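Reading through the structure tokens given below for one structure.
For clarity, every value in this text was computed on a predicted model and none was experimentally measured.
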Amino acid sequence: MTSLDLAQQRLRAFAEEASAISPLYEHLASRAAGDPEVAGLLTAAGEDDATGELLLAAAHRLVQAEPFHQLSNYYPSLGGTNGADESTWPLFRDFLLQRADRVRALVGTHVVQSNEVRRAALLYPAVAAAAKQAGAPIGLVEVATTAGLLLGLDQYSYRYQTAEAGQIAAGPTKAALGLHCALELAPGAVLPKLPKTVKVAAKAGIGVAPADLADEDAYAWLEACVWADQPERLRLFGVASGVLRKNPPRLVTGDPVADLAKAVESIEAPLVVITSGSGLDLVPALSALGRPVWWAAHEAGELRLVHIGDSGVETSVLATTEAHGARLVWH
């Protein structure tokens with residue numbers, strides 16, 4: 001359980017975070033923070049998980065289940081076209097309080113599971129570089145995965161927009177999902193050579209609670225975790241999920257660090273591990289595997305390629321990045 005005071009603090013913090021990118025969520029979270037009855041719904045979550053984003057994901061899930069409710073007019077994810085106005089908060093407040101038990105049940109049993117498939121465009125150059133160094137089809141492993149969408153990066157196509165060479169295409173040409181990313185050059189840098197294909201021999205992911213995309217309830221929750229006024233993110237999530245469902249990767253439930261060896265033990269191909277926003281230091285765990293491994297890490301605004309081999313640990317900072325996959329500055 002979470003105290004009301006902490007719930008209100010988390011809602012205020014989330015409103016500030018959302019202010020520059022989500023007018024709807026900023027509007028709702030800021031008002032929820034000042035409303036003890038609505039903020040009190042978040043107290044059903046544990047302290048580590050009780051965030052403003054969690055409450056709004058629960059609300060999104062319930063609106064999804066009632067798509068003809070008047071509140072859906074404010075949810076672009078459900079076809080709504082209304083911007084936030086004087087009616088939005090009263091509708092939202094009444095909607096949640098009338099379903100208070102269902103809201104508490106959702107926030108008490110779920111965590112926010114973010115799936116930003118656009119980050120594959122940031123990771124692709126690093127994975128391609130690792131595959132070139134490995135000189136063979138790779139074993140691709142996503143650590144701290146939620147649904148394994150980044151494991152499809154070899155199946156997506158990419159368009160990198162540059163000032164120097166126009167648009168650079170990478171990945172398979174007939175991919176179901178195409179991702180776009182602005183690519184700038186730092187002073188003195190040259191454009192990376194991006195291959196049409198990265199050959200992957202095996203895939204696996206490990207996370208605390210990886211979601212099964214074939215499970216309707218799990219899938220609906222992942223959709224609800226996408227912010228309701230960002231329908232393009234929801235579209236990309238849906239297409240990427242369709243790609244992964246055709247050939248699901250093996251996802252292991254476990255501690256991303258302590259159980260990493262279990263996730264990779266069946267992979268004989270050269271290992272390339274990917275993370276995005278995990279906050280983890282994998283070097284000790286990767287070193288303990290006793291085999292060469294590359295780590296493509298999109299962490300803390302940087303894209304790094306870490307190689308662990310006979311000569312020790314070698315780290316290269318390849319680029320600085322925008323968090324969600326829209327832009328990278330190549331070094």
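Side-chain contact annotation: S278 with E299, donor-acceptor N/O pair under 3.5 Å present.
Of the possible polar contacts, one joining the D215 side chain to the A218 backbone as a donor-acceptor pair under 3.5 Å is found. Between the W89 side chain and the A32 main chain, no donor and acceptor come within less than 3.5 Å of each other. Side-chain N or O atoms of H60 include one that pairs as donor or acceptor with a backbone N or O of A224 at under 3.5 Å. Counting only distance, with no hydrogens or angles, the side chain of R327 and the backbone of E322 share no donor-acceptor pair below 3.5 Å.
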Working note: L55 + F14, criterion side-chain contact (heavy atoms from CB on, under 4.5 Å); need CA distance, chi angles, decisive distance, verdict.
CA-CA 10 Å; L55 181 64; F14 179 67; over 6 Å; no
Would you check, one step at a time, whether the test side-chain contact (heavy atoms from CB on, under 4.5 Å) holds for L303 with L123?
CA-CA 7 Å; L303 178 65; L123 287 164; 4.1 Å; yes
Should L96 and D94 be marked as a side-chain contact (heavy atoms from CB on, under 4.5 Å) after you check the CA-CA gap, both sets of side-chain angles, and the distance that decides it?
CA-CA 6 Å; L96 286 197; D94 289 347; over 6 Å; no
Test side-chain contact (heavy atoms from CB on, under 4.5 Å) on L286 and V313 and set out the steps.
CA-CA 10 Å; L286 294 175; V313 180; over 6 Å; no
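Side-chain heavy atoms closer than 4.5 Å link hydrophobic residues (I, L, V, M, F, W, Y) into clusters, and following such links, even through other members, never connects V257 to W294. Both V103 and L91 are part of a single hydrophobic cluster, where members link through side-chain heavy atoms under 4.5 Å apart. Using a 4.5 Å cut-off between side-chain heavy atoms of Ile, Leu, Val, Met, Phe, Trp and Tyr, with links allowed through other members, Y75 and W221 fall into the same hydrophobic cluster. Linking ILVMFWY residues whenever their side-chain heavy atoms come closer than 4.5 Å, directly or via other members, places V293 and L280 in the same cluster. Linking ILVMFWY side-chain heavy atoms closer than 4.5 Å, directly or via other members, places V252 and L271 in a single hydrophobic cluster.
L328 and A121 get closest at one heavy-atom pair: CD2-O, 4.2 Å. Nearest heavy-atom pair across L78 and S72 is CD1-CB, 4.1 Å. Closest of all the heavy-atom pairs between A240 and V117 is CB-CG2, 3.7 Å. A pairwise comparison of heavy atoms in L41 and V107 identifies O-CG2, 3.4 Å as the closest pair. When all heavy atoms are compared, the tightest approach of A209 to Q113 is O-NE2, 3.1 Å. Taking each heavy atom of R233 and V226 in turn, the nearest pair found is CB-CG1, 3.8 Å.
V127 is not listed as a side-chain neighbour of D154, based on a closest heavy-atom distance of 4.5 Å or more. Using a 4.5 Å heavy-atom threshold, the side chains of W295 and V283 count as touching. Taking 4.5 Å as the limit, some side-chain heavy atom of P210 sits within range of a side-chain heavy atom of T253. With contacts defined as side-chain heavy-atom distances shorter than 4.5 Å, the pair V208/P256 qualifies. In this structure, the side chains of L213 and L222 come closer than 4.5 Å at one or more pairs of heavy atoms. With contacts defined as side-chain heavy-atom distances shorter than 4.5 Å, the pair H69/V63 does not qualify. Side-chain contact between V272 and V200: absent, with no pair of heavy atoms (C-beta onward) separated by less than 4.5 Å. E66 has its side chain within reach of R99: a pair of non-hydrogen atoms, C-beta onward, lies under 4.5 Å apart.
Every pair passing side chain to side chain donor-acceptor pair (under 3.5 Å) that includes a residue from residues 19-28 is listed here, sequence neighbours excluded: S22-D229, H27-R31. Each ring-ring contact (aromatic ring centres under 6.0 Å, His included) pair with one or both residues in residues 237-275, not counting sequence neighbours, appears once here: Y219-F237. The list of side chain to side chain donor-acceptor pair (under 3.5 Å) pairs with a residue in residues 40-58, not counting sequence neighbours, reads E53-W227. Residues in residues 142-190 take part in these ring-ring contact (aromatic ring centres under 6.0 Å, His included) pairs, two or more places apart or across chains: Y124-Y158. The ring-ring contact (aromatic ring centres under 6.0 Å, His included) analysis of residues 310-331, with sequence neighbours excluded, yields no pairs.
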For residues 304-311, tabulate all N or O donor-acceptor pairs below 3.5 Å that involve a side-chain atom, not counting sequence neighbours.
{"residue": "R304", "atom": "NH1", "partner": "E302", "partner atom": "OE1", "Å": "3.4"}
{"residue": "S311", "atom": "OG", "partner": "E314", "partner atom": "OE2", "Å": "3.0"}

Using residues 136-153 as the side-chain source, report each donor-acceptor pair under 3.5 Å to any protein atom, sequence neighbours left out, with the distance given to one decimal.
{"residue": "E142", "atom": "OE1", "partner": "T145", "partner atom": "OG1", "Å": "3.0"}
{"residue": "T145", "atom": "OG1", "partner": "G148", "partner atom": "N", "Å": "2.8"}
{"residue": "T146", "atom": "OG1", "partner": "S114", "partner atom": "O", "Å": "3.2"}
{"residue": "T146", "atom": "OG1", "partner": "N115", "partner atom": "OD1", "Å": "2.6"}
{"residue": "T146", "atom": "OG1", "partner": "N115", "partner atom": "ND2", "Å": "3.3"}

Which pairs would a plain distance check flag for residues 187-198, meaning a side-chain donor or acceptor within less than 3.5 Å of a matching protein atom at least two apart in sequence or in another chain?
none

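Residues passing the salt bridge (Lys or Arg N to Asp or Glu O under 4.0 Å) test with R250: none are found, sequence neighbours excluded. Qualifying side-chain hydrogen bond (donor to acceptor under 3.5 Å, both in side chains) partners for E164, counting only residues two or more places apart in sequence or in other chains: none. Residues forming a salt bridge (Lys or Arg N to Asp or Glu O under 4.0 Å) with D217 (at least two apart in sequence, or on another chain): none. The side chain to side chain contact (heavy atoms under 4.5 Å, CB included) search around Q8 returns L4, R12, P36, A39, not counting sequence neighbours.
Interatomic distance, I274 CD1 to R119 CZ, rounded to the nearest 0.5 Å: 11.5 Å. Residue L106 holds its CG atom at 12.0 Å from CZ of R104, rounded to the nearest 0.5 Å. Within the model, atoms CG of L28 and CZ of F92 stand 5.0 Å from one another, a figure rounded to the nearest 0.5 Å. Between L71 atom CG and T88 atom OG1 the span is 8.0 Å, to the nearest 0.5 Å. The CZ atom of R10 lies 10.5 Å from the CG atom of L54; values are rounded to the nearest 0.5 Å. To the nearest 0.5 Å, atom OG of residue S157 and atom NZ of residue K174 are 13.0 Å apart.
The 12-atom threshold is exceeded at CD of Q167, counting heavy atoms of other residues, nucleotides or ligands nearer than 6.0 Å.
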